[in-house]
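This report concerns only the one structure given below.
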Amino acid sequence: METKKQRILAALVLLALGLGLAALTYFKTTGYKNPVAVITDTKIKDRLLKKETDIYGNKDEERRQYLHVQVLTGKYKGQTFETVNTYYPSQLVTQKYRAGERVFVTVTDGSLALVSPKRDWILVMTLVITLALMVAVVGRRSWHLIVSMAISWILFYCLILWDVAVNGAGIIWMFSLADIVFSFFSLAIVQGVNKKMLVTWLATLLGVFVSFALCYAVIKLTGETYLNYEMGDYATQDTRGIFMAQALLGVLGAVMDEATDIVSSLYELIQHKPEITVKDLLASGRTMGQEIMGPLINVLVLIFISEALPETILYFRDNNTIATTFNFTMSLGATQSAVSAIGIVLTIVFASLCSLLFLKKPQKGGKQE
Amino acid sequence: MSSLGALIIVLAILMTIIGGETGIRSFFSVLINSLLLVLVAMLISWGLSIPIITAIFVPLKLATIIFLGTHDYTVAKNSFYASLIVLSLVSVLILGIQYLAQAAGLGPEAGEILLGHSQMPGISYGQIAVTVAIFSALGAVAEAAVSMSSGILELKKAKPDITEEQLMKSGAAIGYDVLGTAMNTIIYGMFGSFLSLFLWYYRLHYSFGEVINDKLFVNEALIIMYSLLGVLLTVPLATFLLAKGMSRQSEAKNGNEKTRDQEL
C-alpha cells in the first residue's frame with residue numbers, strides 16, 4: 001500500500017504533466033476544420049450601438065467590438081484582418097471576445113468572420129485537475145475508475161453510431177440491449193466476473209426493466225397527457241423514442257450503483273452470519289435502501305432539471321405563466337426524474353430478493369470461510 | 001390526468017410501501033428540491049442578484065436533501081457541513097473555469113427554442129451558467145457526503161476504540177467505493193440527459209475538433225467534471241470532519257460517563 005506522500009507526489013507529477021498538455025492544446029493550431037487565429041488587440045475597442053427594450057420589457061444593450069485578428073493557419077497564415085463582432089451583454093446567443101485570446105475563424109473572399117473561442121484546452125486542464133485529485137484521494141486504484149469511465153464513453157459512442165446507422169428504428173429495444181451490455185462491463189471491471197457480480201447484474205436489470213415497463217404502462221394508460229416530447233432539445237429523430245432511450249440510459253448508473261451497495265453488504269452479512277433469518281436479511285436490505293434512495297434520487301433530479309434552468313429563466317423572462325413554462329421546459333426532465341426515481345425505489349426490492357435467492361445458502365449448508 | 005402526475009403518485013405509493021417513514025420523508029425531500037429549482041428560475045427571471053440567490057439556495061437545497069433524506073442526526077449534520085465546505089471550494093473553481101471557457105448561454109443548436117423568444121433578455125447568462133453548474137454538482141456532493149459519513153459512523157460503531165489515524169485510513173477505502181458509485185450515477189445520468197445532443201453532433205457531421213470546442217459540449221463535459229471534483233473533495237473532508245467531531249465527542253463522554261462509551 002502506497003503512502004499518502006507517494007500519492008500526493010504522483011498527483012503533483014500528473015498535474016504538472018497535464019498542465020503542460022493543456023498548454024500544448026492551447027497553442028495547437030493544426031487538426032481543426034476552421035483556421036485558428038489570435039486576437040492581437042491588447043484592449044478591444046467596444047462601442048455601445050443602442051439600448052433596447054424588447055416587447056417583454058427586457059432591457060438590454062447592443063454593443064460592437066472592433067477587433068484585429070491574425071490568422072495562424074491555412075491559406076491566409078500570417079495575415080491580419082480587421083473585423084467587428086456585435087453582441088448583447090447577456091450573452092444568451094452572442095459571444096463577447098477577449099483581448100489576446102485564440103479563436104476559430106472562417107475567411108471567405110478576403111473577409112474574416114469569427115466562429116467561436118477556442119475552448120478545448122480548458123477541457124484538458126479540467127480533466128487533468130480531476131484526474132490528479134483522484135490519484136491524490138484514492139491512489140493506484142484510480143486506474144479501475146478511469147478504465148471503467150473510458151469504457152463507458154467508448155460504448156456510448158458505439159451506441160450512437162449504431163443508432164444513426166439504423167436511423168433510430170427499434171430504439172427502445174436497442175437501448176435495452178445497451179443497458180444489458182453497459183451494466184455487464186461496468187460491473188465486471190469493478191468486481192470481476194463472479195457469483196456476487198452476476199447477482200448484482202440480475203438485480204440491476206430487473207430494477208431497470210420492471211420499473212421501465214411499469215412507467216411505460218402508466219404513461220400509456222394516461223394517454224401521454226401533457227408529455228411534449230417534441231420539446232426535447234436537438235431532436236434529429238423520433239422524439240418519443242429519444243425520450244424513452246434517455247430514460248433507459250439515465251437511470252442505469254444509479255440503479256447499478258444502488259444494487260452494488262445493497263448486494264455487497266448483504267453478501268458480507270451472509271458471510272459473517274450464515275444463520276441469519278430470511279426476515280432479518282430482507283429487513284437489512286430494506287434499511288440500507290431507505291438510507292440511499294433519497295439522496296440518490298436527488299442526484300438525478302438535479303442533473304435532469306438543472307439542465308433546463310437557462311431555458312426556464314428565458315420563458316419566465318418573456319412573461320410566460322408557470323404552467324406554460326413548466327410544460328415547455330422542465331416537464332420532460334421531471335418525467336425522466338420520476339421514471340428514474342421509481343427505478344431506484346424498486347431496485348431495493350430486487351437487490352434484496354436476488355441476494356436472498358442466490359447468495360443465501362439453506363440453513364445447514366451455510367458456508368463459512 | 002397528466003402522465004407526470006400519475007408517475008408521481010405511483011412513486012409516492014412505492015416510496016411509502018418500501019421506504020416507510022424514511023421513504024415518505026425522502027419523497028418530500030425530492031418534491032421540495034424540485035420546487036426550489038422552479039422558484040430559483042422565477043427569482044432570477046425577476047432580475048434579482050444571481051450570486052445572492054445561489055448563495056441562499058445552496059444551503060437550503062442541501063438541507064432539504066440531507067436532513068429530510070437521512071434519519072441519523074450525526075450523519076446529517078456532518079454531511080451538511082462537509083458538502084457546504086466542498087461546494088464553496090468547487091464554486092470558486094467553477095467561477096474560474098467558466099470565466100475561461102466562455103461557454104454560457106444556449107448554443108446555435110438551440111435555434112428552435114429561441115424562436116419567438118427574446119434574444120436579449122437583459123440578464124447575465126454567464127452567471128446563470130455558474131449557478132447551473134453548482135446546482136448540478138450539488139446532488140452528487142450531498143449523496144457522497146451522506147454515504148461517507150454513514151459508512152464511517154458504521155465503522156466507528158463496530159469498533160468503538162478505533163484511532164483517528166485508522167479511521168482516516170479506512171475512510172480512503174470507503175471513499176473508493178463511494179467514488180465508484182457516484183461516478184456511474186453521474187456519467188450515466190449525463191448520457192441520459194444529453195443523448196439527443198450527441199446524436200445531433202453526429203448527424204450534422206461535426207468533426208471531433210468542432211465538438212470539443214462547441215459551447216454546449218464543453219459546458220456539459222465541464223459539469224460532469226465539476227461533479228466528480230466535488231465528490232473527490234468530499235471523501236477526505238467528510239472523513240476528517242467526522243473523525244474530529246467524534247474524537248471530541250468521545251473525550252467529552254470520557255469525562256462524564258465512561259461506562260456508556262464502552263457499551264457502544
Side-chain angles (χ1 to χ4, degrees), chain A residues 32-33 54 56 58-60 88 90-92 117 119-120 122-123 126 130 133 137-138 141 152 156 160 164 218-219 222 224-227 234 236 242 246 249-250 252-254 256-257 290 293-295 297-300 302-303 305-307 309-310 312-313 316-318 335 338 341-342 345 348, chain B residues 1-4 6-7 11 14-15 18-19 22 26 29-30 33 37 41 44-45 65 69 100-102 104-105 109 117-118 120-122 125 128 132 135-136 139-140 143 146 176 181 184-185 187-189 191-192 195-200 202-203 207 209 212-213 218 221 225 228-229 232 235:
Chain A
Y32 301 110
K33 213 170 93 185
D54 67 15
Y56 307 108
N58 297 324
K59 289 187 180 60
D60 211 329
Y88 314 130
S90 52
Q91 298 199 59
L92 176 64
R119 300 189 176 98
D120 47 1
I122 298 163
L123 284 184
T126 317
T130 313
L133 191 64
V137 172
V138 293
R141 283 189 296 174
S152 298
F156 183 61
I160 286 184
V164 172
V218 170
I219 289 175
T222 50
E224 308 188 302
T225 323
Y226 291 116
L227 266 183
Y234 321 117
T236 44
I242 291 262
Q246 294 198 338
L249 203 55
L252 180 68
M256 197 158 67
D257 294 332
Q290 288 173 343
M293 70 180 175
I297 294 172
N298 274 312
V299 176
L300 291 183
L302 280 165
I303 291 178
I305 303 186
S306 299
E307 171 218 354
L309 220 48
T312 311
I313 294 169
F316 277 137
R317 199 75 186 158
D318 292 352
T335 311
I342 292 174
V345 177
I348 301 173
Chain B
M1 180 182 219
S2 83
S3 299
L4 177 60
L7 285 173
L11 178 65
L14 284 174
M15 283 180 97
I18 296 167
T22 322
S26 298
S29 100
V30 173
N33 197 9
L37 272 176
I44 291 179
S45 79
I65 298 176
L100 292 173
Q102 295 183 285
E109 296 84 353
H117 279 98
S118 170
M120 19 202 318
Y125 267 79
I128 292 174
V132 171
F135 282 168
S136 301
E143 200 262 346
V146 171
Y176 174 77
T181 301
N184 278 327
T185 308
I187 288 188
Y188 283 94
F191 284 168
L195 177 65
S196 53
L197 180 63
F198 286 104
L199 285 172
W200 168 285
Y202 197 79
R203 280 179 186 266
S207 69
I212 59 169
N213 283 289
V218 169
M225 289 191 269
L228 288 177
L229 279 169
L232 281 166
V235 169

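Note: hydrogens, waters and symmetry copies are ignored here, and every other heavy atom, side chains too, is used. To find a chain, count down the sequence lines: A is the first, B the second, and so on, and within it residues start at 1.
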Quiz item: Where do A:L309 and B:A41 come nearest, in terms of heavy atoms and distance?
Solution: CD1-CB, 3.9 Å
Quiz item: Is there a side-chain contact (heavy atoms from CB on, under 4.5 Å) between B:M225 and A:L123 once you walk through the steps?
Solution: CA-CA 9 Å; B:M225 289 191 269; A:L123 284 184; 4.0 Å; yes
Practice problem: With sequence neighbours left out, write down each residue that passes ring-ring contact (aromatic ring centres under 6.0 Å, His included) with A:F156, or none if nothing qualifies. | Solution: B:F191, B:F198
Quiz prompt | Choice from B:I18, B:V146, B:N33 maximising heavy atom contacts with chain A below 4.5 Å | solution = B:I18
Exercise. Output the distance between atom CD1 (B:I65) and atom CG (A:N298), rounded to the nearest 0.5 Å.
Key: 4.0 Å
Practice problem: Return the minimal non-hydrogen interatomic distance between A:L133 and B:L232, and the atom names on each side. | Solution: CD2-CB, 3.6 Å
Exercise. Pick one of side chain, backbone, both or neither for A:F316, based on which atoms fall under 4.5 Å of a heavy atom in chain B.
Key: both
Exercise. Counting only heavy atoms closer than 4.5 Å, note whether A:I348 contacts chain B via side chain, backbone, both or neither.
Key: side chain
Self-check item: Side-chain heavy atoms of B:R203 within contact of A:V164, under 4.5 Å
Solution: yes
Self-check item: Rounded distance (nearest 0.5 Å) linking atom CG of A:D257 with atom OG1 of B:T185
Solution: 4.0 Å
Practice problem: Flag the one option from A:M293, A:M256, A:Q290, A:K59 with the top tally of heavy-atom pairs under 4.5 Å to chain B. | Solution: A:Q290
Quiz item: Quick one: what part of B:I187 sits under 4.5 Å from any heavy atom of chain A, side chain, backbone, both or neither?
Solution: side chain
Exercise. Sort out for me which of A:A341, A:G294, A:P117, A:S152 touches chain B most, counting heavy-atom pairs under 4.5 Å.
Key: A:S152
Quiz item: Quick one: does B:M15's side chain get under 4.5 Å of A:I297's, heavy atoms only?
Solution: yes
Quiz item: Tell me, side chain or backbone of B:V218 under 4.5 Å from chain A's heavy atoms, or both, or neither?
Solution: both
Quiz item: Do A:V218 and B:S3 come within less than 4.5 Å of each other through their side chains, counting heavy atoms only?
Solution: no
Quiz item: Does a side-chain heavy-atom distance below 4.5 Å link A:L302 with B:L37?
Solution: yes
Quiz item: What distance separates B:S2 OG from A:I219 CD1, expressed to the nearest 0.5 Å?
Solution: 10.5 Å
Quiz item: For A:L300, is it the side chain, the backbone, both, or neither that has a heavy atom closer than 4.5 Å to a heavy atom of chain B?
Solution: side chain
Quiz item: Any idea which heavy atoms bring B:S45 and A:I313 closest together, and the distance?
Solution: CB-O, 3.8 Å
Quiz prompt | Minimum heavy-atom distance between B:S196 and A:Q246, given as atom pair plus value | solution = N-NE2, 3.2 Å
Quiz item: What's the shortest heavy-atom distance between A:D120 and B:N213, and which atoms?
Solution: N-OD1, 2.9 Å
Quiz item: Among A:T312, A:L252, A:V345, which residue forms the greatest number of heavy-atom pairs with chain B at distances under 4.5 Å?
Solution: A:V345
Self-check item: Pairs of heavy atoms under 4.5 Å with chain A: top-ranked of B:G122, B:S26, B:G209, B:G139
Solution: B:G122
Quiz item: With only heavy atoms counted, which part of B:L229 is less than 4.5 Å from chain A, the side chain, the backbone, both or neither?
Solution: both
Exercise. Return the minimal non-hydrogen interatomic distance between A:I242 and B:L195, and the atom names on each side.
Key: O-CD2, 4.5 Å
